[in-house]
Amino acid sequence: MLKAYAGQWCLITGASSGIGAEFARQLAVRGMHCVLVARREDRLRALAQELEAAHGTRCEIVSADLSQPRAGRDLLAEVSRRGIAVELLVNNAGFGMVSSLDETDVARALELIQVNVAGLTELTLLAAKEMAHRGHGGIINIGSIVSFQPMGYMAVYAASKAYVLHFSEALWAELRAHGVTVTTLCPGTTRTEFFDQSGVPGWAERNRGQDVTSVVRTGLKAFDSGRHYVVSGWTNYLVSLAVRLATRATVVKSSMSVFRPRRP
């Protein structure tokens, strides 16, 4: 677990908006310098200017497409080339996909697995090895409330987030003796661009959700405490427990009502 934030470097993927951008803001308040990573370089530059003006934070921008193989390895190599040692990695990059089977874009599904699973795994393992060698550091991986259950019409995304939770919890157990904390933050519905980009525009506005400020605050508090995972919001936490009590068939059949396609 980090003993101090001030003067250390964090690397945040998916930093151009939403939860990723909010992590940058809250970590900058704590005195961290930020490596901001996403595809939308214009947004990264605007965020960097904001953080530098408000907090005197040093920011490095890396435009990267994490859907490409070896993108994580190349990203860390570039960061190392700039002389930066990453003390905190926030794996926030990822996207969702809501669709019925007959409308599922298989290529898009495989791209989701590359970003949400393969890219996250590559970044986590490479960064964790370096942190363990140094004897300090931390990783926050973004899971989801659906990390705890399968979801009809959101099968690939839910499965990817189940992987993130299980993978991260295992590393938490392995690395805690080496001075490295791995925490999985599992938000529920959060008011970001996520659902608009996942194929259900306006869904977050029609359903009660959390703001990014409270979600990130919850994640950082759990990380500070050395916790292996945290669910953001009491209602979401109770849901994560309830699905363990019902049969798996009941859980997945019930999930189909959430994103069931509307018939014309």
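Keep in mind it's a predicted model, so treat the numbers as computed, not measured.
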Could you walk me through whether V231 and T218 pass side-chain contact (heavy atoms from CB on, under 4.5 Å), step by step?
CA-CA 8 Å; V231 177; T218 295; over 6 Å; no
CZ on F95 to OG on S67, rounded to 0.5 Å:
7.5 Å
If hydrophobic clusters are built by linking Ile, Leu, Val, Met, Phe, Trp and Tyr wherever their side-chain heavy atoms come under 4.5 Å apart, do L51 and M32 end up in the same one?
no
Can you list the steps and then say if L11 with L75 is a side-chain contact (heavy atoms from CB on, under 4.5 Å)?
CA-CA 10 Å; L11 188 158; L75 168 59; 4.1 Å; yes
For V106, is there any backbone N or O sitting under 3.5 Å from a side-chain donor or acceptor partner on T104?
no
Enumerate the ring-ring contact (aromatic ring centres under 6.0 Å, His included) contacts for residues 24-58, please, sequence neighbours excluded, ordered by first and then second residue.
W9-H33
S225 side chain to K221 backbone, donor-acceptor under 3.5 Å
yes
I need the minimum non-hydrogen distance between T184 and G143, along with the two atoms involved.
CG2-N, 3.8 Å
Same cluster or not: V115 versus L112, using hydrophobic residues (I, L, V, M, F, W, Y) connected whenever any side-chain heavy atoms lie under 4.5 Å apart?
yes
Using modelled atom types only, decide if a donor and an acceptor are shared between the side chain of T124 and the backbone of T121 within a distance under 3.5 Å.
no
Can you list everything that forms a salt bridge (Lys or Arg N to Asp or Glu O under 4.0 Å) with R73? Sequence neighbours excluded, please.
E122
The criterion is side-chain contact (heavy atoms from CB on, under 4.5 Å); which residues satisfy it with S255, sequence neighbours excluded?
Q149, M151, V252
With D74, which residues qualify under side-chain contact (heavy atoms from CB on, under 4.5 Å), at least two apart?
R70
Looking at C186, is its backbone amide N or carbonyl O close enough to the side chain of K161 to form a donor-acceptor pair, meaning the two atoms are under 3.5 Å apart?
no
side-chain contact (heavy atoms from CB on, under 4.5 Å) assessment of I140 paired with L89:
CA-CA 6 Å; I140 300 175; L89 168 64; over 6 Å; no
Set of side-chain contact (heavy atoms from CB on, under 4.5 Å) partners for T183, sequence neighbours left out:
T181, A222, F223
Side chain to side chain, E87 and H136, heavy atoms closer than 4.5 Å:
yes
Hey, quick one: are L36 and V79 part of the same hydrophobic cluster, counting side-chain heavy atoms closer than 4.5 Å, chains of contacts allowed?
no
With sequence neighbours excluded, give me every side chain to side chain donor-acceptor pair (under 3.5 Å) pair touching residues 226-238.
Q210-S232
Contact between Y153 and S99 at the side-chain level, heavy atoms closer than 4.5 Å - yes or no?
no
Shortest non-hydrogen contact from R244 to F148?
NH2-CE2, 3.5 Å
Looking only at heavy atoms, which two atoms of M256 and G152 are closest? And how far apart?
CG-CA, 4.0 Å
For N116 and V164, run side-chain contact (heavy atoms from CB on, under 4.5 Å): C-alpha distance rounded to whole Å, both residues' side-chain angles, the deciding distance at 0.1 Å, then the answer.
CA-CA 8 Å; N116 293 17; V164 170; 5.6 Å; no
Taking the side chain as everything from C-beta on, heavy atoms only, tell me whether L125 gets closer than 4.5 Å to L171.
yes
So CD of Q8 and SG of C34: to nearest 0.5 Å the spacing works out to 12.5 Å
If the condition is salt bridge (Lys or Arg N to Asp or Glu O under 4.0 Å), which residues does R82 pass it with, not counting sequence neighbours?
E60, E78
Hits for salt bridge (Lys or Arg N to Asp or Glu O under 4.0 Å) against E169, two or more places apart or cross-chain, chain-then-number order -> none
If you measure from OG on S160 to CG on L165, what distance do you get to the nearest 0.5 Å?
11.5 Å
Using a 4.5 Å cut-off on heavy atoms from C-beta on, say whether the side chain of S240 contacts that of I145.
yes
Output yes when a side-chain donor or acceptor of S147 lies under 3.5 Å from a complementary backbone atom of S144, and no otherwise.
yes
Give, for atom CG of L88 and atom CD1 of I139, the distance between the pair rounded to the nearest 0.5 Å.
8.5 Å
Residue list, side chain to side chain donor-acceptor pair (under 3.5 Å) with S254, at least two apart or on another chain
none
For residues 12-31, which side-chain donor-acceptor pairs fall under 3.5 Å, sequence neighbours excluded?
from: T13; atom 1: OG1; to: N92; atom 2: N; distance (Å): 3.0
from: T13; atom 1: OG1; to: A93; atom 2: N; distance (Å): 2.9
from: S16; atom 1: OG; to: R40; atom 2: NE; distance (Å): 3.4
from: S16; atom 1: OG; to: R40; atom 2: NH2; distance (Å): 3.1
from: S17; atom 1: OG; to: R40; atom 2: NH2; distance (Å): 3.1
from: E22; atom 1: OE2; to: Q26; atom 2: NE2; distance (Å): 2.9
from: R25; atom 1: NE; to: E50; atom 2: OE2; distance (Å): 2.7
from: R25; atom 1: NH2; to: E50; atom 2: OE1; distance (Å): 3.2
from: Q26; atom 1: NE2; to: T213; atom 2: O; distance (Å): 3.0
from: R30; atom 1: NH1; to: Y5; atom 2: OH; distance (Å): 3.3
from: R30; atom 1: NH1; to: D224; atom 2: OD2; distance (Å): 3.0

Considering residues, nucleotides and ligands other than R134, do more than 12 of their heavy atoms fall under 6.0 Å from its CZ?
yes
I'd like to know if L245 and L241 are part of one continuous hydrophobic network [Ile/Leu/Val/Met/Phe/Trp/Tyr, side-chain heavy atoms within less than 4.5 Å].
no
Between CD1 on residue I113 and CG on residue L120, distance to nearest 0.5 Å
13.5 Å
Given the rule that I, L, V, M, F, W and Y join up when any side-chain heavy atoms are under 4.5 Å apart, are V251 and L238 in one cluster?
no
Suppose we screen for salt bridge (Lys or Arg N to Asp or Glu O under 4.0 Å). Which residues come up paired with R108, at least two apart in sequence or across chains?
E111
Taking only residues two or more places apart in sequence or in another chain, which ones pass side-chain contact (heavy atoms from CB on, under 4.5 Å) with E41?
R45, I61, S63
